[in-house]
Asker: 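I'd like to ask you about the structure that follows.
Remember, it's 1-based here, ligands and their atoms both numbered in the order they're listed. Quick note: residue numbers are just sequence positions, from 1.
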Amino acid sequence: MTMKRNIGDLAIFGGSSAFLQTLFVGRPNVGDRARFFDRVNWALDHQWLTNGGPLAREFEQRVAELAGVRYCVSTCNATTALQLLARAADLSGEIIMPSLTFPATAHAFRWLGLTPVFCDIDPTTGCMDPALVEAAITPRTSAIVPVHLWGRPCAVDQFAKVAAAHDVKLFYDAAHGLGCTSGGLPIGGFGQAEVFSFHATKVVNSFEGGAVVTDDEELAKRIRAIHNFGFAQGRVSTEAGINGKMTEAAAAMGLTSLDAFEETVCQNKANYDSYQSELAGLAGLKIVDFNPAERNNYHYLIVEIDAAVTGVHRDLLDDVLKSEKVMCQRYFSPGCHEMEPYRSEQPVTLPHTEQLAQKVLALPTGPTVSREDIRRVCDIVRFTLERGHEVTHRVNERVESMVTP
Ligand SMILES: *Cc1c(COP(=O)(O)O)cnc(C)c1O
């Protein structure tokens, strides 16, 4: 790349981009392609493409093992998995959840006629604050659904106490949490059940996919039935179900991606260490860190940009990086409560969520991102933040010259 010497060298001001090939957040972790095709060929040879085939069953066993639980039901995606859980647990009324999450957490329940109640976070962790959750419980509350944001475990012990004290269900959206631990125990075994996502952008992918994991045999049985039209045994339905099954092709991808899991995590960890050392001591930037005493998947590399210190808002840094061909993601901004339909229908102010959502940016990581890529990304970030006021001023000037002829 061409070194940035003065701010005119930034691509946003007409300089040449730092990257020829675009860098992305959330490239799929595919694993050994030949192994994937072997599995798909096996399914085709045996003409067994779905309906709880051997690949889906093997995938469920391996996910259950990783999550340290007895039961796993694979699904077509995590949104459906959350809905199956809501139905199987007969949830009603209000569900307390964070706003700082992917909108699917809220939409899944809302689509069933349940009411998401958004609760603020503990600004130091980004996860829901158990004390605020307790204060939000009403007679209509039937469940608490915390999210292990970015793969960092929630305050699981405190949530367990709150849920027990108020006799409400506790389910986790563990879409980011595969292979992580809390107090040395795997995510997957907390609350009455947890839900994983295997969407293409997640640490393990099955193109699209999800799973409910639990130690509750009855709950697992009911979910298995309703994810297959309500067929508990044979082809007679015992209740109104839906089609939420994972296909064999998806399971083939899931298994292949799982085969690569240890290696993926290893490379994510190396990337995390590189970002830490490249960005060390940069004022107004904080990397969301992981507790080294736990197992982490290091799948999300999140930085918090403090505009008051750097002079550059997260949105502008995102734009600067985009023009250099570094495509970041604003995970998760804005919070769900600032999006429709919630924003119009149930307006609420969540100061900590709103503050953090203004600051966070996911930078590219994963096995396809090299040490050299990270060095270049960090050079741009450092260059921009160290000249923050100047960069912001120049962008504003340009905007003004466009509106005043
Ligand atoms: C990805 C994601 C989901 C939705 O998962 P799908 O498998 O795409 O339905 C739900 N919650 C969170 C926190 C997610 O990141």
Asker: Can you figure out which of H176, M97, K202, Q83 has its heavy atom closest to atom 2 (C) of ligand 1?
Answerer: K202

Asker: When you compare the side chain of T115 with that of Q346, does any pair of heavy atoms fall below 4.5 Å?
Answerer: yes

Asker: To the nearest 0.1 Å, how far is atom 11 (N) of ligand 1 from its closest protein heavy atom, and which atom is that?
Answerer: D173 OD2, 2.7 Å

Asker: Could a heavy atom of G209 be found less than 4.0 Å from some atom of ligand 1?
Answerer: yes

Asker: Hey, does the Lys NZ or Arg CZ of R27 hover above the aromatic six-ring of F24, less than 6.0 Å from the centre and inside 45° of the axis?
Answerer: yes

Asker: Parallel, tilted or perpendicular: which describes the rings of Y300 and H176, with under 30° parallel and over 60° perpendicular?
Answerer: tilted

Asker: Indicate, as side chain, backbone, both or neither, the part of A104 found under 4.0 angstrom from ligand 1 when only non-hydrogen atoms are considered.
Answerer: side chain

Asker: Would H199 count as a polar contact of ligand 1, with the cut-off being nitrogen or oxygen pairs under 3.5 Å?
Answerer: no

Asker: Is there a polar contact, in the sense of an N or O pair closer than 3.5 Å, between V147 and ligand 1?
Answerer: no

Asker: Can you find an N/O atom of T79 closer than 3.5 Å to an N/O atom of ligand 1?
Answerer: yes

Asker: Is any NZ, NE, NH1 or NH2 atom of the basic residue among R70 and D216 found under 4.0 Å from an Asp or Glu carboxylate oxygen of the other?
Answerer: no

Asker: For residues 274-291, tabulate all N or O donor-acceptor pairs below 3.5 Å that involve a side-chain atom, not counting sequence neighbours.
Answerer:
from: S274; atom 1: OG; to: A270; atom 2: O; distance (Å): 3.0
from: S274; atom 1: OG; to: R371; atom 2: NE; distance (Å): 3.4
from: Y275; atom 1: OH; to: P364; atom 2: O; distance (Å): 2.7
from: Q276; atom 1: NE2; to: Y272; atom 2: OH; distance (Å): 3.1
from: S277; atom 1: OG; to: D273; atom 2: O; distance (Å): 3.4
from: S277; atom 1: OG; to: S274; atom 2: O; distance (Å): 3.2
from: E278; atom 1: OE2; to: R371; atom 2: NH2; distance (Å): 2.7
from: N291; atom 1: OD1; to: A293; atom 2: N; distance (Å): 2.9

Asker: Can a cation-pi geometry be assigned to R387 and F383, taking NZ or CZ under 6.0 Å from the six-membered ring centre and within 45° of the ring axis?
Answerer: yes

Asker: Return the option from A81, A106, S197 holding the heavy atom at the smallest distance from atom 5 (O) of ligand 1.
Answerer: S197

